[in-house]
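Okay, so here's the structure we're looking at.
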Amino acid sequence: MLLSKYLLPTLKEIPREAEIPSHQLMIRSGIMRQLASGIYEWLPLGLRVLHKVENIIREEMDSIGAQEVSLPAIQPRELWEESGRWDFYGKELIRLKDRNRRDFCLGPTHEEVITDLVRREVRSYKELPLLLYQFQTKFRDEIRPRFGVIRAREFYMKDAYSFDATDKNAETSYNNVFETYSRIFQRCGLKFRSVEAQTGAIGGAFSHEFMVIADTGEEIIASCKCGYAANLEKAEGVPPAKVGGKAGKRSGLKELEEVETKNMKTVEKIGKFLKEKPDKFIKTLVYKTDGEPAIVMIRGDHEVNESKVKSYLGVNEIFLADEKTIEEVTGAPLGFAGPVGLKVKCKLLADYSVEGIVNGVTGANKKDYHLKNVNINRDYKVDEVLDLRRAKEGDVCPKCGKTLEFSRGIEVGHTFKLGTKYSKTLRATFLDKDGKEKYFVMGCYGIGVSRIVAAAIEQGHDQNGIIWPLPIAPFQVLILPVNYEHEKIRTISNRIYEQLESAGYEVLMDDRDERAGVKFKDADLIGIPIRVTVGEKTLAKNIVEVKLRGEKEVREVEPDQVQKLIPELTKK
RNA sequence: CGGGGCGUGGCUCAGUUUGGUUUAGAGCACUGGCUUUGGGAGCCAGGGGUCGUCGGUUCGAAUCCGACCGCCCCGACCA
């Protein structure tokens, strides 16, 4: 490809809207442009990278017998009503009507469509296992699009779905895909790790996320040397014994006592006043869960992990209640809630950390008063004691007890073991060996293809630009004639270009009538792994320079040796 | 949706506080010409703007007021 004819609008300056390196560089290097918030155009250079990633995924999926399909992006409401997700998916689902006012949505994911297809076309256990996948543009009306293509409203994804006859077989399929995913990310040249994750809106039994390690990542990973790793949402709380012991055999219980705490609402202030440490406090939070109030209690020095509460209650929406609701439930303004003497009956959930508190402090459900010496099972009862807290720095690993480490990552892949969640609601069955009708056992698997491109840049760049891993680089070689008007330089450059092209390499030649400085800057910016510089000075010694984008070293070789050197450099 | 910020040629921004010397500017980019040619060149000549939109205040609005739209950042959603 000749650069003079290539649509590669590079930018010298950092676009105002871009915050993180990958976003800035994707725009500056002419990979993409923004059309609207969270909606991007892929330019020729970017599309090449996207296709590279896509092809690696395709090869690996095909290698485990997965079959590629292509499903509609536009999907009828009825199917989503059937699965119950027309409502459940909420505002993120982009809805539209056709000319007959029939409702449709733009697919944010394809469980419904694929399950529908399989229930219509697959009848027998003999056709199982079945693993189908596709590449598709997904639509999710994200609450807040962010970081360029990392959190976009329209994005490119590979999704796969497995159908098995038994749970055991489904697990085999799951593990198969899991391992394939590891190979894919490895081949893309990414530093990544897999972690246990929440199942979220997709639902199902359990799931793993694949995280690309990056400081700018949105996800926080809690990991341990023993191999345990989970995202923060999922990271298990420390077992009860480690956060203050179980309820039960406890001694030294003191009389319940009411104390005036005028204008003191925070754990910090009251703690100072009563000379009690935060770990004596039973923080009592009123939540609204799908419209219903619910109370969550946690020790004063911990934070509630709302997604755990959400997944335990099986609700769609959860947020801290407004002051009005708090007054209705507790009979007191914000800041004085406690489990003793609530006005309205609602679900009372306690984190493990609450169970061990002896003679604790809570709000009195009365303006300007708190209670001292509050004790579980004596002064109040809870519906459930479970793990509801957010893991934090200093926590120990739930598997081995060593201290957890925290790092950041970008989620590029997610695998779910769905079980029969969708096959049941959509009544997708097959006839088993024994002649009985059974539900398919499903799994679903996603890779954010466009997100991988951003993640790779997040991991591979310096102050001058992108440093692509070779397997997903848009071109392998960039030829940089220092002055293309110079006859000898042009002749040699053209020759190398033709040699490499005919040897099957993807070569970009900067044949523009630009000054050398401009060409070098652009070369660094777009980050092609191998740069061949052809200049007058070195040519006088019958030499051209070969340099890797990620290294300092410059190799000097005779022009005709380039075609021998490139295969060596691209080998690994 | 709540909180904060921004919107002026293709890009990055000045000008807005305190309305009138601004006939709306700068640098980069773009077009033509000359010179230059190993890390974002120089000179000359050009093209390109409803100052986000609509309405209001005023003799006069990029500048003041109101509404709306768009974009970004912080939080609740997720590949």
Side-chain angles (χ1 to χ4, degrees), chain A residues 9-20 23 27-28 33-39 57 88-93 108-110 135-160 181 197-202 207 209-212 218-219 231 233 287-288 306-307 310 316-320 322 409-416 444-455 464-465 480-486 489 512-525 531 533-539 544-545 554:
Chain A
T10 55
L11 259 35
K12 211 182 286 190
E13 282 172 286
I14 298 170
R16 191 167 34 175
E17 75 271 12
E19 197 79 359
I20 61 168
H23 188 192
I27 291 174
R28 284 189 57 208
R33 287 292 186 264
Q34 184 182 60
L35 181 63
S37 177
I39 299 173
I57 297 172
F88 186 78
Y89 222 96
K91 286 187 182 157
E92 225 174 298
L93 192 63
T109 174
H110 282 70
F135 289 92
Q136 245 258 356
T137 302
K138 305 288 188 204
F139 300 88
R140 295 182 190 174
D141 199 353
E142 291 284 346
I143 254 160
R144 180 149 96 86
R146 226 184 320 196
F147 302 145
V149 90
I150 287 182
R151 174 152 317 280
R153 294 194 292 175
E154 175 180 325
F155 61 98
Y156 201 53
M157 179 173 170
K158 189 250 29 170
D159 47 328
Y181 272 27
Q198 293 276 100
T199 50
I202 308 282
S207 85
E209 286 173 348
F210 288 81
M211 301 282 201
V212 166
E218 291 183 282
E219 308 291 332
N231 77 9
E233 306 247 291
Y287 279 95
K288 266 256 166 98
E306 293 178 4
S307 83
K310 197 166 150 182
N316 194 8
E317 197 179 52
I318 174 169
F319 53 87
L320 281 167
D322 55 292
I410 300 166
E411 182 188 354
V412 290
H414 206 154
T415 54
F416 298 86
C444 77
Y445 319 91
I447 293 181
V449 184
S450 43
R451 191 182 269 182
I452 283 181
V453 177
N464 295 318
L480 196 156
V482 169
N483 179 0
Y484 196 68
E485 301 304 302
H486 189 282
I489 292 177
R512 295 175 301 174
D513 182 18
E514 286 286 354
R515 296 172 64 82
V518 174
K519 295 186 179 188
F520 282 118
K521 287 290 184 192
D522 275 345
D524 286 345
L525 183 60
R531 185 183 80 195
T533 308
V534 185
E536 203 174 351
K537 284 179 196 163
T538 50
L539 225 41
V544 298
E545 294 156 318
V554 177

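Chain letters run A, B, ... following the sequence lines, proteins first, then strands; residues in each count from 1.
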Q. Can you check the A:Asp141 CG to B:A76 P distance for me, whole Å?
A. 18 Å
Q) How many Å lie between CD1 on A:Ile150 and C1' on B:C77, as a whole number? A) 16 Å
Q: Report, as a single string ordered 5' to 3', how protein heavy atoms within less than 4.0 Å touch nucleotides 34-49 of chain B: B base, S sugar-phosphate only, - not at all.
A: --BSBBBB--------
(Q) Without decimals, in angstroms, what is the distance between A:Ile57 CD1 and B:A79 P? (A) 15 Å
Q: Could you give the distance separating B:A76 and B:C69 at their P atoms, to the nearest angstrom?
A: 25 Å
Q. Looking across every strand, which nucleic acid part, if any, lies under 4.0 Å from A:Glu219 by heavy atom: base, sugar-phosphate, or nothing?
A. base
Q | Same-atom distance (P) from B:G52 to B:A62, integer angstrom | A | 10 Å
**Q.** Atom CD of A:Glu536: over 12 foreign heavy atoms under 6.0 Å
**A.** no
**Q.** hbond_proxy A:Arg140 side chain to B:C78 base (donor-acceptor, 3.5 Å cutoff)
**A.** no
**Q.** Partner nucleotide, any strand, of B:A61 [Watson-Crick/G-U, under 3.5 Å]
**A.** none
Q | Complement of B:U53, any strand, by Watson-Crick or G-U distances under 3.5 angstrom | A | B:A67
Q) When you compare B:G56 with B:A61, how far apart are their C1' atoms, in angstrom units rounded to a whole number? A) 11 Å
Q. To the nearest Å, how far apart are A:Phe139 CZ and B:C77 C1'?
A. 18 Å
Q | Rounded interatomic separation in angstrom, taking CZ from A:Phe210 and C1' from B:A79 | A | 13 Å
Q: Return the 5'-most residue of the pair A:Ile14, A:Ile143 with respect to RNA chain B, ranking by each residue's nearest nucleotide.
A: A:Ile14
**Q.** Contacts of type side chain to side chain contact (heavy atoms under 4.5 Å, CB included), residue A:Asn231, not counting sequence neighbours
**A.** A:Val195, A:Ala197, A:Glu209, A:Met211, A:Glu219, A:Glu233, A:Lys234
Q) So which nucleotide does B:G40 pair with, by the Watson-Crick or G-U wobble rule with both distances under 3.5 Å? A) none
Q: Apply ring-ring contact (aromatic ring centres under 6.0 Å, His included) to A:Phe210 and list each qualifying residue two or more places apart in sequence or on a separate chain.
A: A:Phe178, A:Tyr181, A:Phe185
Q: Both distances under 3.5 Å, Watson-Crick or G-U wobble: report the partner of B:A14, or none.
A: none
Q. Taking a pair as Watson-Crick or G-U wobble with both distances under 3.5 Å, which nucleotide is matched to B:G75?
A. B:C1
Q: Check every strand shown and say whether A:Pro108 touches a base, only sugar-phosphate, or nothing at a heavy-atom separation below 4.0 Å.
A: nothing
Q.
Among residues at least two apart in sequence or on other chains, which ones pass salt bridge (Lys or Arg N to Asp or Glu O under 4.0 Å) with A:Arg515?
A. none
Q: Between B:C64 and B:G49, how far apart are the P atoms? Round to whole Å, please.
A: 25 Å
Q) Which residues satisfy the side-chain hydrogen bond (donor to acceptor under 3.5 Å, both in side chains) test with A:Ser450, sequence neighbours excluded? A) none
Q | Nearest-Å distance once atom P is located in both B:A24 and B:C28 | A | 24 Å
Q: Quote, to the nearest angstrom, the P distance that separates B:A14 from B:U8.
A: 10 Å
Q. Can you tell if the side chain of A:Val544 reaches within under 4.5 Å of the side chain of A:Leu539, non-hydrogen atoms only?
A. yes
Q. For A:Lys138, what residues pass the side chain to side chain contact (heavy atoms under 4.5 Å, CB included) criterion, not counting sequence neighbours?
A. A:His110, A:Gln134, A:Gln136, A:Phe155, A:Met157, A:Asp159
Q) If you measure from CD1 on A:Ile150 to CD1 on A:Ile452, what distance do you get to the nearest 0.5 Å? A) 11.5 Å
Q: Provide the Watson-Crick or G-U wobble partner of B:G47, both distances under 3.5 Å; none if there is no partner.
A: none
Q.
How many whole angstroms separate atom CD of A:Glu142 from atom P of B:C77?
A. 11 Å
Q.
Please report the distance separating the C1' of B:U50 from the corresponding atom of B:G46, rounded so that it comes out in whole Å.
A. 23 Å
**Q.** Atom-pair distance (CD1 on A:Ile410; C1' on B:A79), nearest Å
**A.** 12 Å
Q) When you check every protein heavy atom under 4.0 Å of nucleotides 68-74 of chain B, what one-letter string (B, S, -) results, 5' to 3'? A) ---SSBB
**Q.** Rounded P spacing from B:U58 to B:G7 in Å
**A.** 27 Å
(Q) I need the A:Thr10 OG1 to A:Arg28 CZ distance, nearest 0.5 Å. (A) 8.5 Å
Q.
Once side chain to side chain contact (heavy atoms under 4.5 Å, CB included) is applied, do any residues pair with A:Ser37, and if so which ones, sequence neighbours excluded?
A. A:Pro145, A:Arg153
**Q.** Rounded distance in Å - CD (A:Glu13) to P (B:C28)
**A.** 10 Å
Q. With A:Arg146, which residues qualify under side chain to side chain contact (heavy atoms under 4.5 Å, CB included), at least two apart?
A. A:Arg144, A:Arg151, A:Glu218
